[in-house]
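Below you'll find the structure, written out as structure tokens, and then a few comments.
Hydrogens, waters and symmetry mates play no part in the numbers below; they use all other heavy atoms, side chains included.
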Amino acid sequence: MSESTDLTGPGAGIGRIPIMDVQPVVDGGRFPARCVEGETVTVSANAFREGHDAMGVQLVLVSPDGAEQRQALRSVNPGLDLWETTIRPGSTGHWSFRIEAFSAPYDSWAHTAEVKIPAGIDPDLVCAEGAVVLRRVLAEIEAGTRPAADGPVVAAALESLRAPGLPASARVAPALAADLRGVLAERPLRDGVTVSGPYSLIAQRRRALYGSWYEFFPRSEGARFDPEHGWTSGTFRTAARSLERIAQMGFDVAYLTPIHPIGTTFRKGRNNTLDPQPGDPGSPYAIGSAEGGHEAIHPELGTLEDFDAFVARARELGLEVALDIALQCSPDHPWVTEHPEWFTVQADGTIAYAENPPKKYQDIYPLSFDTDYEGLYAAIRDMLEHWVAHGVTLFRIDNPHTKPVRFWEELLAEFDRKHPEVIFLAEAFTRPTMMHTLGKVGFHQSYTYFTWRESAQELREYLEELVESAPYMRPSFWPTTHDILTPYMSSGGRSAFVLRAILAATLVPTWGIYSGYELVEDVPRPGAQEQIDNEKYEFKPRDYAGALARGQSLEPLLGTLNRIRREHPALQTLTTIRFHEADDEQVLVFSKHLDAAASGTGAPDTVLVVSLTAHDRDARTTVHLDLDALGVGESFEVEDLLTGERFSWGRAPFVILSAADRPAHVLRIIHPEES
């Protein structure tokens, strides 16, 4: 007897067995869900049928080469119809999955037998019905749709059901035994099969989810000031010397602000003034001059060969190079004269400059995609291809929300086909709908509102929102950027910088800092949430070595945080986060847990963080832990990964935190198998 199959989904009926709310599915399948290779992904669905007959649900996972893997979903809340399983795509590429729900005639019969036989109800009929079910199994073996190895155990059970001289309990025993149940659990009989899907799932490389970014202006690295001759810019060769320090702190990505020629028309002076002084370098975001545009390198930084040597040195140190791409032009950019149709011309004939009220950027012309979309698309694509050819593997895209979403959908799809290893980070501090849509159309990562989420409640609510968005939007947490210095950071001194680094590094898999963070650069420009003497408008060489020697640098902390992240796979995940309670509402408590199989280490990995959220107060509080989420019993040992201390904890430990001395515990749960 062959299976009958119903297809369900948009444009189709409900199917014989309803399958609802399949996850991870983005906008009903309009956009692919995403994960990274080796990531544990939960697949779930609501599936149910009428009546009381048994049913089953299976997942069919299809790899990029078309191979199918089938596994059962389990009912995780009997009576409420939610079924779940987990998958771990083992390679990058375009995967898909579908959900198949079905009536399970063997399970229905087994339940009937277990109820009726002990009660002496219709034993002969029960045995006869069992024989009908098992004959179907044998028929599948004969048809070649089931392995011949299933035959002996099935035939033995069928023979027993047909043995009239035995008591009913003995007749059914082989058909209810564990060996036959195992065979039919792995390869069940299925009636009324209903299929939902297929649904797309793109598996990307690990860096799309996990990594530590270090941002810097290459012109500041090695810049020198001479009272007689003024400033001399740093170069790629001097900047390459900084890579070793960055690598020693455990960062994975060296992220460069724009490296292109800078225009002189309306060049900005220090602190964004309209009155530049001789020697002011201008904003690297005012891209383009007579020396070239987005494919050119600022002459003071060096040559393309120097850039190639910089990339090569980064790779030697285990670093990838990310390049900041700002799709905008100085009035001196070659595109302005060669392609005036790529800009917005105002009623008075002038080209509109960029504005983000109250900020004005007279030195920048935004691009317009409405006149020659195809030509502009090709130019931007070719420019990105140029930098990929020179070793850039990640792009931080400046203000992507000011460009058409259609453009990003098409461009990112093309790069996914041609360069799936290249990662795009969206710098989109904007409306949630736009941020989420940019993720759906292909951005691998996104800047977030973490910078402004300060209280324990705000952080918890925000992380719960980000976990829900995980199939399409991966968050990147930055305590500050070259554009942003919040009042929290400018008022909290070293304590604020320490605390926010700990939270950014442990709450999400990808985090980053802007150079100078380790020196606690926290003085704002009056009336603005940004640093005074903003590096966008001047050279800013820093004495990192001196600060480290004086004990004034956060380099040791940053290195420790990145080492902890590398050593603990749980911190390289987003969706495993679980929140716990504390009596003090300003204390945030969360954990991340991977079982032995998912951790890849042969042992469970569990990290528990207990942290202040305010930088100006201490806390003495009881913490209330969900022991099931931690995978421990009533008593367990923990090790503080920041200090090396060990403690014996239970369900409700008492914790003392100090903003100055101990703002947080970052704890490793010591599981029994590790003792």
[X]: which residues meet the side-chain contact (heavy atoms from CB on, under 4.5 Å) condition with it, sequence neighbours left out?
X	result
Pro147	Asp150, Arg187
Ala170	Leu166, Pro167
Lys116	Thr112, Ile121, Asp122, Val126
His419	Glu385, Val388, Phe415, Glu421, Val422

Quick one: salt bridge (charged side-chain N to carboxylate O under 4.0 Å, His left out) partners of [X], sequence neighbours excluded?
X	result
Glu320	Arg205, Arg207
Glu159	none
Glu581	Arg460
Arg135	none

Rounded at 0.5 Å granularity, tell me how far [atom1] in [X] sits from [atom2] in [Y].
X	Y	atom1	atom2	answer
Leu574	Thr510	CG	OG1	9.5 Å
Gln204	Asp416	CD	CG	6.5 Å
Phe251	Leu561	CZ	CG	8.5 Å
Leu138	Glu142	CG	CD	6.5 Å
Leu641	Thr560	CG	OG1	10.0 Å
Glu464	Ile577	CD	CD1	9.0 Å

Main chain of [Y], side chain of [X]: is a donor-acceptor contact present, judged purely on distance under 3.5 Å?
X	Y	result
Ser599	Ala603	yes
Asp605	Ala570	yes
Thr573	Pro569	no
Trp408	Pro400	yes

For a quick check under 3.5 Å, do [X] and [Y] share a side-chain donor-acceptor pair by atom type?
X	Y	result
Arg566	Gln572	no
Glu414	Tyr377	yes
Glu637	Ser648	yes
His580	Asp626	no
Glu84	Thr42	no
Ser212	Trp511	yes

With a 4.5 Å limit on heavy-atom distance, are the side chains of [X] and [Y] in contact?
X	Y	answer
Arg136	Leu189	yes
Glu639	Phe647	no
Leu630	Leu625	yes
Val43	Thr86	no
Cys127	Val172	yes
Arg190	Gln58	yes
Ile14	Met20	yes
Val508	Leu463	yes

Side chain to side chain contact (heavy atoms under 4.5 Å, CB included) assessment of Leu608 paired with His593: CA-CA 9 Å; Leu608 172 65; His593 170 77; over 6 Å; no
Which atom pair, heavy atoms only, marks the closest approach of [X] to [Y]?
X	Y	result
Phe97	Pro24	CZ-O, 3.6 Å
Ala157	Leu134	CB-CD1, 3.7 Å
Leu59	Leu73	N-CD1, 3.4 Å
Asp191	Pro105	OD2-CG, 3.6 Å
Phe102	Pro188	CZ-CG, 3.7 Å
Tyr106	Leu176	OH-CA, 4.0 Å

Parallel, tilted or perpendicular: rings of Phe450 and Phe477 (30°, 60°): parallel
Plane angle bin for Phe424 and Phe443 - parallel if under 30°, tilted between 30 and 60°, otherwise perpendicular: perpendicular
Steps toward side chain to side chain contact (heavy atoms under 4.5 Å, CB included) verdict (Tyr472, His436): CA-CA 8 Å; Tyr472 60 85; His436 285 249; 2.7 Å; yes
Pair listing, side-chain hydrogen bond (donor to acceptor under 3.5 Å, both in side chains) test, anchored in residues 165-185, at least two apart: Glu114-Arg181, Asp124-Arg171
Salt bridge (charged side-chain N to carboxylate O under 4.0 Å, His left out) contacts in which one or both residues fall within residues 42-68, not counting sequence neighbours: Arg16-Glu50, Glu68-Arg98
Residue pairs, two or more places apart or on separate chains, that pass salt bridge (charged side-chain N to carboxylate O under 4.0 Å, His left out) and touch residues 433-447: Asp27-Lys440
Steps toward side chain to side chain donor-acceptor pair (under 3.5 Å) verdict (Thr85, Gln71): CA-CA 8 Å; Thr85 191; Gln71 64 191 66; 2.8 Å; yes
Determine all donor-acceptor pairs shorter than 3.5 Å in which one atom belongs to a side chain in residues 74-83; sequence neighbours excluded.
from: Asn77; atom 1: OD1; to: Leu82; atom 2: N; distance (Å): 3.0
from: Trp83; atom 1: NE1; to: Ala47; atom 2: O; distance (Å): 3.0

Pair Glu37 + Arg206: basic N to acidic O under 4.0 Å: no
Validation row, ring centre His671 to ring centre Phe636 under 6.0 Å: no
Ile202 and Trp95: CA distance, side-chain angles, deciding distance, side chain to side chain contact (heavy atoms under 4.5 Å, CB included) verdict: CA-CA 6 Å; Ile202 301 177; Trp95 297 65; over 6 Å; no
Step-by-step salt bridge (charged side-chain N to carboxylate O under 4.0 Å, His left out) determination, Arg70 to Glu100: CA-CA 10 Å; Arg70 185 179 294 273; Glu100 298 181 353; 2.6 Å; yes
